[in-house]
Structure formats: C-alpha cells, structure tokens
Amino acid sequence: MLDEADTIYGPKAKGDEDLRGWLNAGYRKGAVAGRCVIRGKSIETEELPAYCAVALAGIGNLPDTVMSRSIVIAMRRRHSGEKVEPFRRRIHGPQADPIKAEIAAWTASWPQRVERWPAMPDQIVDRDADTWEALVTIADLAGEDWPARIRDAAVTLVMASKQQIHSLSVQLLADLKEVFGDAEQLQTETIIERLISRAESPWTNLPKTHKPLDATSLARMLKKYEVGPRQLWFGAKQLRGYTAAELRDPWLRYLPSITENTVTTVTPVTRLQSVTPVTGVTCPDGMKGEVCHHCGDDGEIVDVIRNGTAAKLHRSCIAEWTQVLDVQTAERT
C-alpha cells in the first residue's frame, strides 16, 4: 500500500526513478525491475522481482502508464453531513482476523495452478483484460452471483476510465470536436475564440504559462498528434487554420465514444445493490418529458451517474457534461 502516490509521480517528484520503474514493471507475473548498485568501487546491475499486488492512493490522476495498468476507483472528500465510523486498528484489526482466516482456508482449497482462463466481457480487452483476469478468476471460483457481479463492475469501471480526460491535450481534442461541429475547416483565430468562450474553459489560463491559449500553444499541443496549421482558403482569402479531416484520426484514437451499445452493457450494475458505490456512467431506459440538466431543453432524457454526481441528460449531452464535470472535479482536488 502506497499513500501519497502523487508525490512519486507528480511534477515535483525527484529521486524516485527506481521506485517508479519497480511499480511500472510489477503488473505482470515474473516481471523484474533493473537498477544499478554501487558496491565499493564497482557498479553492478541487479534485477529485483517486481510482481505483487499494489494499492496506490493519491490526489488527482497518476500517469497513463500507471492508470492503464490499474483498476481505478475514484474517491471523493466526505462532506460535513456524512457520518463515517472511524477506523481504529486496535479495535477493528481483531474483528478482521476471523475473516482473514476464512479467506486463507478457502484459498488453500484451490488447485495450486488455475489452468482455465476466464471468459471476459467483450469490452474488457488488451491491458484491461490483463488487469482484471485475476479478479474474474477468483470470482468464478467463488461461484454464486460473484461471476456476474465482478464482470458488471469491470465493465463499469473500465468504461468510466475511458471517459476520464487524463491530459490537457486530450481535453483539447474533445473541445475541438465540439468546436468544429459539422465544419470541415476553421481559421485558427476562430478556433481560439470558440475554445476560450466555452463554459468552465481551461483555455483562458494554461497551467504552465498562466496565459490564454494562442496560436503558438495550440500548434504545440496538437503537434504530438501530427496535426498542424496550414494555409486554407476562406472565401477569397487565404488564412491559417485547421481541417476536420486531419483531426479525425486523433479524435478516433484518443476520444472515447459513448454509444447506446456501451451504455446498455453497463446497466446491469444498477441492479446490484452491493456494487452501486462503483463510479461510472449508467443510463437506464430513456424517459420523456423531463429537462436536460446540461442544456436545459426537454426531450428524450436518460439518468446518468458519474463520480457520484447524478444528472438527467440528453444522450447527445453526455460527453460534454462528463468533460465539464471531470474538469471541475480536478480543480476541486
């Protein structure tokens, strides 16, 4: 268990390269982390076993290299009206001992090696599957309703993590998609004006420079996606701008899409009382005659829950609402 993990990975972190390398390597069985050790006058290399279960707690998001290897559970600060029994090791530690003994006895009855690979939900693939396979296997061995519960929780958490914006540049892509709308090209000046005018916009005060977004910083942030400004015709004038055609590839690669398919797969979680604390986006069947909390218009509305915040939204408003909520949550933390 590592608390204050943000101090290990944050911008002011120094001297923790060995620990970061060990944590990054430790998600795969058999993995080792290499380091150099000075012994007397010689420098030797050694490889340390890195595989183990790790729980990291910190403020804000950790780097994508860690988040993509993790099961992410978002936490919120307790408000003044919430009452929670404080944990006291001298009191609650002994109460947990019988549970620990029962789990140890149960696991001792397992075969030494589980040969069967669990069937994973269609949405859990690649590194997400690597992360969840062990827990799904345990749930399958436990039987009863645990296999269904763990798969519902996995889909909910993975889908929620795909909706989180982990960097300012990804948020820029999301905002640009909204700014372009159906337009095929826009002037640089028009793009900047529309970005800065957006509600809860971070573009009026960039983190490092504390200055508004301008043509130079826009070009620099999009360069990593191989997108750049070019001379384009707008009527009879040739001005610098960007095209939607060039942005479509990074939009497809880096922006998660909230489709009806994705939403309906997550809905079983809302029927399991013990799993409801899991954060994510859940949308029951559409309801008519109510007002969208994001745009204020009526129409077909769905209930949405994200990071513990509930709202009634149009399906077309879900993406923008979640982006705004994530920015507000990051600013509060």
Side-chain angles (χ1 to χ4, degrees), residues 61 63-65 67-68 123 125-127 159-263 281 292 294-295 297 299 306 313-328 330-331:
N61 287 328
D64 287 345
T65 53
M67 299 284 277
S68 63
Q123 300 88 340
V125 295
D126 301 329
R127 187 169 286 174
M159 291 300 103
S161 70
K162 303 301 182 192
Q163 302 305 323
Q164 292 181 354
I165 295 175
H166 299 303
S167 68
L168 197 63
S169 58
V170 176
Q171 183 176 349
L172 175 61
L173 287 177
D175 286 354
L176 282 173
K177 192 171 184 180
E178 296 289 332
V179 164
F180 265 80
D182 296 328
E184 286 300 319
Q185 62 182 45
L186 287 175
Q187 299 176 35
T188 301
E189 185 179 341
T190 302
I191 292 172
I192 293 172
E193 287 177 358
R194 292 184 182 180
L195 286 171
I196 290 177
S197 65
R198 290 174 64 83
E200 305 292 337
S201 165
W203 312 118
T204 57
N205 186 18
L206 295 178
K208 292 184 179 179
T209 63
H210 300 290
K211 295 179 180 179
L213 182 75
D214 57 18
T216 303
S217 53
L218 177 64
R220 185 176 62 250
M221 293 176 72
L222 290 176
K223 185 177 180 180
K224 63 186 292 185
Y225 303 112
E226 299 181 356
V227 174
R230 59 180 64 194
Q231 292 293 120
L232 301 169
W233 285 101
F234 295 91
K237 294 183 178 180
Q238 214 179 20
L239 302 167
R240 291 181 72 79
Y242 294 81
T243 65
E246 200 172 12
L247 284 161
R248 284 195 183 98
D249 183 71
W251 283 341
L252 287 171
R253 294 180 186 276
Y254 295 95
L255 297 185
S257 58
I258 302 180
T259 64
E260 199 158 342
N261 255 351
T262 303
V263 172
V281 178
C292 175
H294 183 69
C295 69
D297 293 333
R306 179 167 178 79
L313 304 168
H314 296 125
R315 290 188 187 277
S316 59
C317 291
I318 293 176
E320 186 170 342
W321 177 81
T322 55
Q323 291 162 15
V324 172
L325 179 65
D326 287 349
V327 172
Q328 292 173 342
E331 290 174 348

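Residue E246 comes nearest to E226 through the heavy atom pair OE2-O, 3.6 Å, listed as atom of the first residue, atom of the second, then distance. In this structure, L232 and G241 approach most closely via the heavy-atom pair CD1-C, 3.6 Å. Smallest separation of non-hydrogen atoms from V227 and Y242: CG1-CD2, 3.9 Å. Taking every heavy atom of both residues into account, Q187 and F234 meet most closely at N-CZ, 3.5 Å. F180 and L247 get closest at one heavy-atom pair: CE1-CD1, 3.6 Å. Summarising the geometry of L173 relative to Y254, their closest heavy-atom pair is CD1-CB, 3.9 Å, with the distance given to 0.1 Å.
The side chain to side chain donor-acceptor pair (under 3.5 Å) check on S217 picks up D214, with sequence neighbours excluded. N205 pairs by the side chain to side chain donor-acceptor pair (under 3.5 Å) definition with nothing, not counting sequence neighbours. Shown here are the side chain to side chain donor-acceptor pair (under 3.5 Å) partners of E184, two or more places apart in sequence or in another chain: R248. In this structure R220 satisfies the side chain to side chain donor-acceptor pair (under 3.5 Å) test with no other residue, sequence neighbours excluded.
Evaluation of the salt bridge (Lys or Arg N to Asp or Glu O under 4.0 Å) test over residues 169-178, restricted to residues two or more places apart or in two chains, returns D175-R198.
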If you look only at distance, which donor and acceptor atoms sit under 3.5 Å apart when one is on a side chain in residues 190-197 and the other is two or more places apart or in another chain?
from: R194; atom 1: NH1; to: V179; atom 2: O; distance (Å): 3.2
from: S197; atom 1: OG; to: E193; atom 2: O; distance (Å): 3.2
from: S197; atom 1: OG; to: R194; atom 2: O; distance (Å): 2.9

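Formation of a donor-acceptor pair under 3.5 Å by the Q185 side chain with backbone atoms of W233 is found in this model.
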